[in-house]
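For reference, the structure is listed below as C-alpha cells.
Naming: A, B, ... by sequence-line order, numbering from 1 per chain.
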Number of protein chains: 2
Amino acid sequence: MNIKEVARLAKVSTATVSRTINGSEKVTAETAERVRQAIETLKFYPNTNARALGSGRSSLYGLIISDITNPFFPELVKSFEDVAVQFGQEVLIANTNYDPHRMEVCVTRMLQRKVDGVAIMTSEMDEHLIDEMSSRRIPLVFLDTGTPQKGISNIAIDYASGIDAAVEHLSSLGHTAIGFISGPMDLTSARVRRRAFTNSIKRKGLKLDRNMIEEGNHRMDGGHEAMARLLDKEVRPTAVLTSNDMTAIGAMGAIFERGLKVPHDISLIGFDDIELSAFTQPGLTTVRLSRQEIAKIAFRALYDVKENASAKGAEFTIQPTLIERKSTGPVAARRGGKHPV
Amino acid sequence: MNIKEVARLAKVSTATVSRTINGSEKVTAETAERVRQAIETLKFYPNTNARALGSGRSSLYGLIISDITNPFFPELVKSFEDVAVQFGQEVLIANTNYDPHRMEVCVTRMLQRKVDGVAIMTSEMDEHLIDEMSSRRIPLVFLDTGTPQKGISNIAIDYASGIDAAVEHLSSLGHTAIGFISGPMDLTSARVRRRAFTNSIKRKGLKLDRNMIEEGNHRMDGGHEAMARLLDKEVRPTAVLTSNDMTAIGAMGAIFERGLKVPHDISLIGFDDIELSAFTQPGLTTVRLSRQEIAKIAFRALYDVKENASAKGAEFTIQPTLIERKSTGPVAARRGGKHPV
DNA sequence: ATCCAATATGGAACCGATTTCATCGACAAG
DNA sequence: CTTGTCGATGAAATCGGTTCCATATTGGAT
C-alpha cells in the first residue's frame, strides 16, 4: 500500500501522486481527482518517515516539559498542539521529570527525529545540549531561561510585575509577615521566582525574613511539608506566596490539618493559575501565567524561524496577572490590628 | 552528518556502522570500538525516519487518550512511557478531546507514522477506524471497550466490584438515598460506569431513584453544575457517587457554596484516585483505578503481540479498590436516624 | 502555418538508514 | 599443502516518499 500502487491505479507517475498529496499547483483538477479517488479506494496513508526523509522536513515540533503530572504542563501541551495543528504541524512531547539525565534523552530524541524546532519549557537545560541542537540549526525557544541568540528565541516572564501585584495585594490587606514556599532550588525557574519574591519584598519596604522561606518541590506533597514547617515556627507568617499552584494546594491541606482556616488565619497566593485553582476550597488567589499565550508565542517563534530563514531569534515578554479569589483576606484582628475581619 | 561519514571516518562500510549501532553480534570488538569513536567524534545521531523506513519497525507506540487535561491521563501517560522506555521504545501521544472527529485525526497520525502498536485509552472509537488499523495488522489494546479479537487485546475494568465496594461502604454508614453524577452519556465508558452504579444499587436492594442521577462531563465544571442541580431538588441524596474524581472535586465546590459540609451533610465518592484526591479538603474517598497497572499491561500486551507474531490478543481484568478518606461519613442525625454523628 | 512560452507530467536521482548476499581471510581438518 | 568452514566485512538493493530535470502538449502570438 504505497505511492506506487496509487500511481498505477490512477495511471499517473508517483511524482504526480506526490504533487497531489502535497497540494502542488501543477496538477490538473481532473488528474488530481483521479489520484484522490485512487487514494480513497486503496485507503492509502503516506508514510511519514519516507516523507520526512525525502523532503528534509519532518513537520514535527518538539515540546520539552518537566512534569506532565503538573497540570500546568498538560494545559500548555494542549494549547501548543492546538496551534501546531492549525499550521498543519505535529508535536512530539518529551518530559524530563525534572531530571537532567532524562533531559539528555529528550534532546537525543529530538535530534534523531529531525524535528523542525524545539520548545524548551523547562529549565534543567545543559549548555552543551543547547549547542548540540543550535549547531544543527534547529530553531529553539526557551521559556524564561536562556540567552536569546541567533535562531534562539526566549519568552521572558515578567515575574517582577506579577509578584509585585501579589505582594501589593497582601500588603494592602495589612500583611507584613509574608512567607514564601519556593520550588526546588536546583531549578533555575524556581530560583528566578524566589528572587522575584525577595526583590519585591524589599521594594515594598517590608522586612525580609529568611526564616519564612521554605523549599518545596513544585508538587503538592512538597507544598504540604513546607507549609507544615512554616507553621511549626515560633513566628508564623500571616500570608504565604508559593512558587506554583500545586505547591499552594498542598500547603492549603497542611493549614487545614492544623485546624486553621484560609484566609482567616493565613492568606495564600499561588502562581500559574491552573484550572484547578478555581475549584479549590476556598478558591485560590493566584498569579496567572497564560498557557495559551506562552504556547502560541512559542510555536510561532519556532515556525517563523523555520519557514523564514531570515527570521532570527526574538525576545518576548509575558505579563502575569493577579487573579483574586478567596484564599486571601485581611490579616486577622489581633491585639487591635487595624484590619479587623 | 550521516552514516556514510561515520563509515568513512571509521574506515568501514555503512553496513558495519549500522550493525554496531544496533548491537549486532557480527562485529569485532575492535571494529565496534573504532565505529563508536567515530560516532562520538562526529556527534552522529542516526536518523529515526530513515531507520524506520529501512527496517520496517518504527519503535514507536501510540497512546490515544481523551483529555490530557484530566489528571488521570497524564499519570497514565507517564507510566506508559516509563514502561516503553524500559523496552527501548518511544511513545506517540495523541488526544481526542472527547471529539470523534479528532479521533480520526489521531488514527491517521498513527497510520502515517507506522506505529508498532496503539493503546486506545478512550472510548469514542469508531468501528471503521479500528478496522483501518487492525486490517494493517497493527497490534491494538483497548481500555475497557472493544471486543477482544485476533491481535486486539482488551483491558476490562471490574466496575462491579469497585462500585459495589463503594455502595457497600455508604450503605454501611446508613446511606440509602445515594445519588450519582455520570460522565457524558455519549461516551461508552461513562455509560458503563453508570450502568455499574445502577446495577450495584439494585443488587444491594436499595431503591434506584432516577431523579438522583445527573449527567456531568468528566470535568470539574460539569461536576459542579450537576451537583448544583442535585442540591436544588426537593429530595436530596445523602451521598453521591461520581463517575470520576474530577467530577467529584467540582461537585465538592458546589456543596461548599451552599454552606453545606462534606461529609457531614453529603458524603462523596469519586472514581480513579488521581493524585489530587489525597489533597482535597476533606480528602476524597474514591475507587482507585491503578494507572501503573493499566499502563504496564497495555504496553506489554502490544509489545508481546508485536514481537511475538504468535501472541494473539488477550483479555485482562483490572480490579479497582476502594480508598477510604474523609469525604464519606455516617448519614447525619435527622429525626433520630440510627447513625448519629 | 510556424514558433515560442507556459504548463502538466513522467523518469530518475536522492534522502539515510537496514539487510541480503557475496566475498575475503583465517584457521582447522585431512 | 590443500580444502572446507566459519566469521567478519563490504557492495548494493531496498524502504517510500520528494524533487530536479527533461519532455510532451497546448494555446497564443506573429
Please pick, from [options], the nucleotide with the shortest atom-to-atom distance to any side-chain atom of [X].
X       : options                : answer
B:Thr28 : C:dT19, D:dT9, D:dT18  : D:dT9
B:Ser13 : D:dC20, D:dG10, C:dG16 : D:dG10
A:Thr14 : D:dG16, C:dT19, D:dT18 : D:dT18
B:Ala15 : D:dG16, D:dG10, D:dT19 : D:dG10
B:Arg51 : C:dT18, C:dG11, D:dG17 : C:dT18

Given atom [atom1] of [X] and atom [atom2] of [N], what is their separation to the nearest angstrom?
X        : N      : atom1 : atom2 : result
B:Asn49  : C:dC14 : CG    : C1'   : 15 Å
A:Glu33  : C:dT9  : CD    : P     : 13 Å
B:Arg113 : D:dC15 : CZ    : P     : 21 Å
A:Tyr45  : D:dG17 : OH    : P     : 14 Å
A:Ile21  : D:dG16 : CD1   : P     : 14 Å
B:Lys26  : C:dA22 : NZ    : C1'   : 12 Å
A:Met1   : D:dG16 : CE    : P     : 11 Å
B:Arg19  : D:dA11 : CZ    : P     : 11 Å

Carboxylate-amine/guanidinium proximity below 4.0 Å for [X] and [Y]:
X        : Y        : answer
A:Glu75  : A:Lys78  : no
A:Arg136 : A:Glu132 : yes
A:Glu275 : A:Arg291 : no
A:Asp67  : A:Arg102 : no
B:Glu90  : A:Arg113 : yes

Whether [X] contacts [N] is assessed here as follows: a side-chain N or O lying under 4.0 Å from the phosphate OP1 or OP2. Is that the case?
X       : N      : value
B:Asn22 : C:dT18 : yes
B:Ser55 : C:dT18 : no
A:Asn47 : D:dG16 : no
B:Thr31 : D:dT9  : yes
A:Thr16 : C:dG10 : yes

Subject >> Position toward the 5' end of DNA chain C (nearest nucleotide), A:Ala50 or A:Val27 >> reply: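 Upstream on the strand: A:Val27.
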
**OP:** Describe the nucleic acid contact of A:Val12 in one word from base, sugar-phosphate, nothing, applying a heavy-atom distance below 4.0 Å.
**Re:**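 Since only primed, P, OP1 and OP2 atoms lie under 4.0 Å of A:Val12, the category is sugar-phosphate.
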
Original post:
Which part of the nucleic acid, if any, lies within contact of A:Lys114, taking any heavy atom under 4.0 Å across all strands shown: a base, the sugar-phosphate backbone alone, or nothing?
Top reply: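 Contact class for A:Lys114: none.
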
**OP:** Name the residue closer to the 5' end of DNA chain D, choosing between A:Gly56 and A:Leu53 according to the nucleotide with the nearest heavy atom.
**Re:**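 Its nucleotide being nearer the 5' end, the pick is A:Leu53.
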
Check residues 292-306 of chain A and write down every donor-acceptor pair under 3.5 Å in which the side-chain atom is one partner and the other belongs to a residue at least two apart or another chain.
none

